[in-house]
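Treat the numbers as computed from the prediction; the structure is a model and nothing was measured. Worth knowing before you read on, the calculation uses all heavy atoms, side chains too, and leaves out hydrogens, waters and symmetry mates. Just so we're on the same page: letters track the sequence lines, and every chain starts at 1.
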Protein chains: 2
Amino acid sequence: MLSMEFQLTQTEENYLKSIYSLEISNSKNVSTTMLAKKMKTKASSVTDMIKKLADKDLVDYEKYKGVSLTNLGKTNAVKIVRKHRLWEVFLVNKLDYNWDEVHEIAEQLEHIKSISLIDRLDKYLEFPTHDPHGDPIPDKDGNIEHHKNVMLSSIQIGDSCVVIGVKDSSSSFLKFLDNSNIRLGSAIKINSIEDFDNSMNIESNNISFSISNQISKNLFVKKS
Amino acid sequence: MLSMEFQLTQTEENYLKSIYSLEISNSKNVSTTMLAKKMKTKASSVTDMIKKLADKDLVDYEKYKGVSLTNLGKTNAVKIVRKHRLWEVFLVNKLDYNWDEVHEIAEQLEHIKSISLIDRLDKYLEFPTHDPHGDPIPDKDGNIEHHKNVMLSSIQIGDSCVVIGVKDSSSSFLKFLDNSNIRLGSAIKINSIEDFDNSMNIESNNISFSISNQISKNLFVKKS
DNA sequence: CATTATTTTTAGACAAGTTTAAATTTTTAT
DNA sequence: ATAAAAATTTAAACTTGTCTAAAAATAATG
Ligand SMILES: [Mn+2]
Ligand SMILES: [Mn+2]
Ligand SMILES: [Mn+2]
Ligand SMILES: [Mn+2]
């Protein structure tokens, strides 16, 4: 109703997106320090920005108690997530980028302002439901699938599953997966789990090999 | 050889692009006032920015004498022009935008920083030579075709020509052309020219009609 | 509970880009 | 050539987002 069509700066958008993702993984209020680490800035800068976001009714903020997104803030955060993920799909599907190369560029593209652009891109890409890392893409109205986030590390010995996403999207992790021939859709069977370090011996593409707990905790899977 | 890989801000890039286009249409040094009008800012702001660009060796500047791009400045300006025009091609050819809708969006997209992105886009678009408004697209190495810019207003009675570009890219002008069924590639024959106001009676698509001198001065053509 | 340790906020400062108002310089006109 | 007009630059101030250093509040430890 009172959709004041106010413009967000790139920085404000990045803060909202960070708060959004921290809220999802932490459930409780987002602390100044957590945000500072995520935004690679100082706690004092975060405090200043939080006040500004609170003034614009994008976050609820009480001194020393951290922040949480308001409905307005969440709506905006989801819009940016949608843009980010659709641009990633474009870069991988159309421009032949590898999935480990697109994050930085999408980080910039997500801030392009246009009422029509992202929906046209969505159509052009034939309405993809997930980005190259398996993350769900919010629809035009901001609806987003919340997958249960089953980690490979929680799968039992003898069970099989399919890789549906990565938690860590760092280039080094994705390149490791490339080298191990693990990609979205890959079937994995758990042969054994080492008591000492929780490393797993798995079978994928008819090849057996070991992966550390670090690895298995960053792969999202679906039992099959 | 001393390619100092220094980052330009969006604002600096926009200034360079404006200076570049003003240099082309004016030949002599670009004045503070001209730049201020083009950048929709104040002369005092321009003076400040000019000093910064001069410090970075992007422009030659002498107080009260205006600016001109250095080789370094021109190289950078052409890079931004290349990005702008390739993104415009993408928006029109792939996302089905009309040629009057793309300028604002390309104005933002031209600032995306990536070493590989624009060359991949170029390839994806199959190396277009001109943007949707008929402007030449600089190649990877910064080479750019300099068309002679023959205006329709300079064509003689009885002669025929083909529209190859527009000088004014404003939405209102482009929409007028759409309504008159004039587009890039349209053949035009000059039937007569009115002495009083230099309006032209032309024939296009087997239809005869009049256009003002304002219109004919903003259409680039090639004699046929 | 009292005392550290940690987190968070405040205060003051800085860089980028902008504005208005005043001072200079250049150009134009008489 | 002198005076008026126009263009340009300088000065001072404002905004956004950042930082460091110091103060205040909260959390952790004995
Ligand atoms: Mn971003
Ligand atoms: Mn992603
Ligand atoms: Mn621009
Ligand atoms: Mn164009």
Look at atom CG of B/D55 and say whether more than 12 heavy atoms of other residues, nucleotides or ligands are closer to it than 6.0 Å. yes

State which of D/dT10, D/dC19, D/dT26 makes the closest approach to the side chain of B/K63. D/dT10

Would you kindly give the CD-to-C1' distance between A/E12 and D/dT15, to the nearest whole Å? 12 Å

What about A/S44, does its side chain sit under 3.5 Å from the base of D/dT20 through a donor-acceptor pair? yes

Of A/S45 and B/G66, whose closest DNA chain D nucleotide lies nearer the 5' terminus? B/G66

Quick check for you: among C/dT10, D/dC19, D/dA11, whose closest atom lies nearest to any side-chain atom of A/T47? C/dT10

Check the pair B/E145 / B/H130 against side-chain hydrogen bond (donor to acceptor under 3.5 Å, both in side chains), numbers first and verdict last. CA-CA 10 Å; B/E145 162 207 318; B/H130 295 80; 3.2 Å; yes

Between P on C/dT19 and CE on B/M49, what's the gap in Å once rounded to a whole number? 12 Å

When rounded to whole Å, the CG to P distance for the pair A/N14 and D/dT16 reads 17 Å

Testing C/dT10, C/dT9, C/dT25 for proximity to the side chain of A/T32, the answer is C/dT9

Report which part of the nucleic acid B/K40 touches: base, sugar-phosphate, or nothing (heavy-atom distance under 4.0 Å, all strands). nothing

Any A/Y15 side-chain nitrogen or oxygen under 4.0 Å from OP1 or OP2 of D/dT18: yes

Candidates D/dC19, C/dT9, D/dT9 - which lies nearest the side chain of B/A43: D/dT9

Take the protein atom CG of A/D48 and the nucleotide atom P of C/dT9, then report the distance between them rounded to whole Å. 10 Å

Atom-pair distance (CD on A/E13; P on D/dT16), nearest Å: 16 Å

Testing C/dT20, C/dT10, D/dT9 for proximity to the side chain of B/K42, the answer is C/dT20

Keeping B/D168 on the side-chain end and B/S170 on the backbone end, is there a donor-acceptor pair under 3.5 Å? yes

Any residue meeting ring pair (Phe, Tyr, Trp, His ring centres under 6.0 Å) with B/F90, in chain and number order, not counting sequence neighbours: A/F90, B/W87

Would you mind reading off the distance between A/E62 atom CD and C/dT9 atom C1', rounded to a whole angstrom? 14 Å

Does a side-chain N or O from A/S31 land closer than 4.0 Å to OP1 or OP2 of C/dT7, or not? no

Rounded to whole Å, please give me the gap between CE in B/M34 and P in C/dT26. 19 Å

I'd like to know if A/D48 and A/K42 make a salt bridge, using a cut-off of under 4.0 Å between side-chain N and carboxylate O. no

In terms of the nearest nucleotide of DNA chain D, which residue is placed more toward the 5' end: A/T11 or A/K65? A/T11

Rounded to the nearest angstrom, tell me the gap between atom CE in A/M39 and atom P in D/dC19. 10 Å

Respond yes when some side-chain nitrogen or oxygen of B/Y64 is under 4.0 Å from OP1 or OP2 of D/dA6, and no when none is. no

